[in-house]
2 protein chains.
Amino acid sequence: MRILLVEDEVEMAAALSSALRRYDMVVDHAPTLADAEEAISAEVHAAVLLDRQLPDGDGLKLIAKLRARAGGVPIIVLTARGELADRVAGLDSGADDYLAKPFALEELLARLRAVLRRPAGLSPDIIRAGRIAFDLGHREASIDGQPFELPRRELLVLEALIRRMGRTVLRSALEEAVYNFDDEIQSNALDTHVSRLRRKLAEADAGVEIHGIRGVGYLLKKLS
Amino acid sequence: MRILLVEDEVEMAAALSSALRRYDMVVDHAPTLADAEEAISAEVHAAVLLDRQLPDGDGLKLIAKLRARAGGVPIIVLTARGELADRVAGLDSGADDYLAKPFALEELLARLRAVLRRPAGLSPDIIRAGRIAFDLGHREASIDGQPFELPRRELLVLEALIRRMGRTVLRSALEEAVYNFDDEIQSNALDTHVSRLRRKLAEADAGVEIHGIRGVGYLLKKLS
DNA sequence: GTTCCCGCAATGCTGCCGCAATGATGGGGC
DNA sequence: GCCCCATCATTGCGGCAGCATTGCGGGAAC
């Protein structure tokens, strides 16, 4: 289990390194953003511990590169800035967890365990299909950077379909994605949403189409 | 996006529900462990928000069941107990994140976003045969990653056969797999489905063939 | 007040599915 | 071997369930 530790303070780095090694992890230590970039191109890591305050910039800048190069590496951001706004920014920038200094070593280890438990190969935050980009984090669709606004239910349909792009989505699964337990439905309301979404996708020339499979469900397909 | 909220305090539950709904999530609310168990057996949720202090026990007890029944559901534990030991216990028991009350709604939403960014439920139940992959969870077949679309009945035949790959499936067993009790059939309808499925398997060059065994049933065979 | 989402119902249509007819195949009896 | 019959395979066809689409009205949000 190889971990990348991006941290400039020598004492902190030494303490973390030895602690992680005690748990049978291999630690690569990078004191700067530049070192970190070199490290991620040379090795594949099981997780990244990332300090925000580094001599050559904010650690968050590294996240995009990590996502691009090694898609699903779990990232835990370490920082002295414990304010709520910062914590939200950390998570929203794509990190998997966020820990404010000072923290107990034990807690870091627990969070690391939690993050490593997750299945390997995370999907990206933004799914692209045809000319559509769907931002799962902020739940919004766009076409060529222009926001593609949809009513709530149609957005839910699109999200469910795009998450399983090119694969069938059972009709029942779609219903569950769109409707609540206590939402009672006695009509073909779902069909109408699919239909209206179809029309909008076509009008916007989105480059995808919704394909219905009789008796089974739907699937989202790239247009050839 | 369907969320299960396990929380007994009515005010807290109401606040969370409305907040989540404002972000276009579909919320099932369970005030007790018993309700929660019922909910997870009835539905598949994209994530679970779990309070620890419930009228009928510690919320952590639910985690094992969630893992057993719906493998990869992200779980966020909510609790008033903010002590370190508790937080570590929460994460180590299999939760994906842990949030101590009181927490800012914004932070919960950010953590939920982080956790939902992960791939939607990897279904481990995929059977491969020849060039075909059959996803039991999603009831879909694919060839070389391309969806292999089939009408419902033919899909059911394929599923029954592929589940017993290389072994004979009694004609009666096939009938049960494809038809309900109250479906009355008086013809060779099953044969027609087998036949049509055969043709499609051959056309798609699926690498398997359906072998008929006179007086007994059928079996699915790899092509040499 | 105005806008627009959403559920409902009516309509037309597509293609699945059951049926039956015909052809093919295999196994047993002699 | 040869024939015969039971069983299976295949194909065309028609009915109808399920899907697609559209207009409408209630109601929520602003």
Side-chain angles (χ1 to χ4, degrees), chain A residues 139-141 147-161 168-175 177-203 209-221, chain B residues 18-19 21-26 139-141 148-161 168-203 209-221:
Chain A
R139 318 188 91 108
E140 53 193 14
F148 180 50
E149 286 174 28
L150 289 174
R152 199 171 74 91
R153 302 248 121 125
E154 292 171 37
L155 197 67
L156 291 172
V157 170
L158 180 58
E159 179 179 359
L161 289 175
T168 62
V169 179
L170 294 183
R171 185 183 190 67
S172 60
L174 211 49
E175 279 168 0
V178 174
Y179 293 103
N180 230 319
F181 254 144
D182 35 352
D183 277 337
E184 40 189 299
I185 284 266
Q186 304 175 327
S187 77
N188 61 350
L190 180 62
D191 301 59
T192 65
H193 292 305
V194 171
S195 174
R196 290 198 259 254
L197 178 57
R198 262 203 190 108
R199 166 203 285 266
K200 285 172 191 168
L201 288 174
E203 278 176 358
E209 67 178 354
I210 299 176
H211 191 71
I213 303 174
R214 221 182 170 71
V216 182
Y218 295 89
L219 73 80
L220 194 68
K221 239 176 139 174
Chain B
S18 82
R21 277 191 251 271
R22 220 175 305 130
Y23 284 86
D24 294 334
M25 296 183 177
V26 177
R139 267 246 167 72
E140 73 175 346
F148 181 49
E149 292 177 32
L150 289 174
R152 196 166 115 267
R153 301 245 120 117
E154 291 171 37
L155 201 65
L156 291 172
V157 170
L158 180 58
E159 179 179 356
L161 289 175
T168 64
V169 179
L170 294 183
R171 184 179 194 59
S172 60
L174 254 191
E175 280 169 359
E176 283 173 20
V178 174
Y179 294 101
N180 302 8
F181 289 107
D182 41 352
D183 278 335
E184 36 187 301
I185 39 164
Q186 307 171 330
S187 76
N188 62 348
L190 180 61
D191 301 59
T192 62
H193 291 305
V194 171
S195 172
R196 291 197 260 253
L197 178 57
R198 262 203 191 109
R199 167 206 284 266
K200 285 172 190 169
L201 288 174
E203 278 176 359
E209 67 178 356
I210 299 177
H211 195 73
I213 302 173
R214 244 185 140 68
V216 183
Y218 294 90
L219 75 78
L220 193 67
K221 229 177 143 179

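Keep in mind that what you see is a predicted model, and the values were worked out from it rather than measured. The sequence lines fix the lettering, A, B, ..., with proteins before strands; numbering per chain opens at 1.
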Can you measure [X] atom [atom1] to [N] atom [atom2] for me and round it to whole angstrom units?
X	N	atom1	atom2	answer
B:R171	D:dA6	CZ	P	16 Å
A:L170	D:dC19	CG	P	12 Å
B:H211	D:dT7	NE2	C1'	14 Å
B:L197	D:dT11	CG	P	14 Å
B:E149	C:dC16	CD	C1'	14 Å
A:L190	C:dA9	CG	P	16 Å
B:Y179	C:dG18	OH	C1'	7 Å
A:L219	D:dC19	CG	P	14 Å

- Would the number of heavy atoms belonging to other residues, nucleotides or ligands and lying under 6.0 Å from CD of A:E149 be above 12?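 No.
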- Task: Check the surroundings of atom NZ in B:K221: do more than 12 heavy atoms from other residues, nucleotides or ligands lie under 6.0 Å from it?
- Result: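 Incorrect, the count does not exceed 12.
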When you check the phosphate oxygens OP1 and OP2 of [N], does a side-chain N or O of [X] lie under 4.0 Å from one of them?
X	N	result
A:R153	C:dC5	no
A:S195	D:dT21	yes
B:H193	C:dG18	yes
B:R199	D:dT11	yes
A:Y218	D:dG18	no

- Residue pair A:I210 / A:L158, side-chain heavy-atom distance below 4.5 Å: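 Heavy-atom side-chain distance check fails, nothing below 4.5 Å.
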- Task: Would you indicate whether the side-chain heavy atoms of A:L156 and A:Y179 approach each other to under 4.5 Å?
- Result: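 Side chain of A:Y179 against side chain of A:L156, heavy atoms only: no contact under 4.5 Å found.
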Picking from [options], which would you name as closest to the side chain of [X]?
X	options	answer
A:R196	C:dC6, C:dC17, D:dC8	C:dC6
A:R198	D:dT21, C:dG18, C:dC6	D:dT21
B:D191	C:dG7, D:dG12, D:dT10	D:dT10
B:S187	C:dC17, C:dC19, C:dC5	C:dC19
A:R214	C:dC19, C:dG7, D:dA17	D:dA17

- Query: What are the two closest non-hydrogen atoms of B:E154 and B:H193, and how far apart are they?
  - Reply: CG-O, 4.0 Å
- Considering non-hydrogen atoms only, spot the tightest contact between A:K200 and A:F148 and give its length. O-CZ, 4.0 Å
- Message: Is there, by distance only and without an angle test, a donor paired with an acceptor across the side chain of A:N188 and the base of D:dT21 below 3.5 Å?
- Response: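 Between D:dT21 and A:N188, which were checked side chain against base, a qualifying N/O pair under 3.5 Å is present.
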Pairs under 3.5 Å (N/O, protein and nucleotides 27-30 of chain D):
none

- Task: Show your reasoning for whether side-chain contact (heavy atoms from CB on, under 4.5 Å) applies to B:L190 and B:V157.
- Result: CA-CA 9 Å; B:L190 180 61; B:V157 170; 4.3 Å; yes
- Query: In terms of side-chain geometry, is the basic nitrogen of A:D191 or A:R198 positioned less than 4.0 Å from the acidic oxygen of its partner?
  - Reply: no
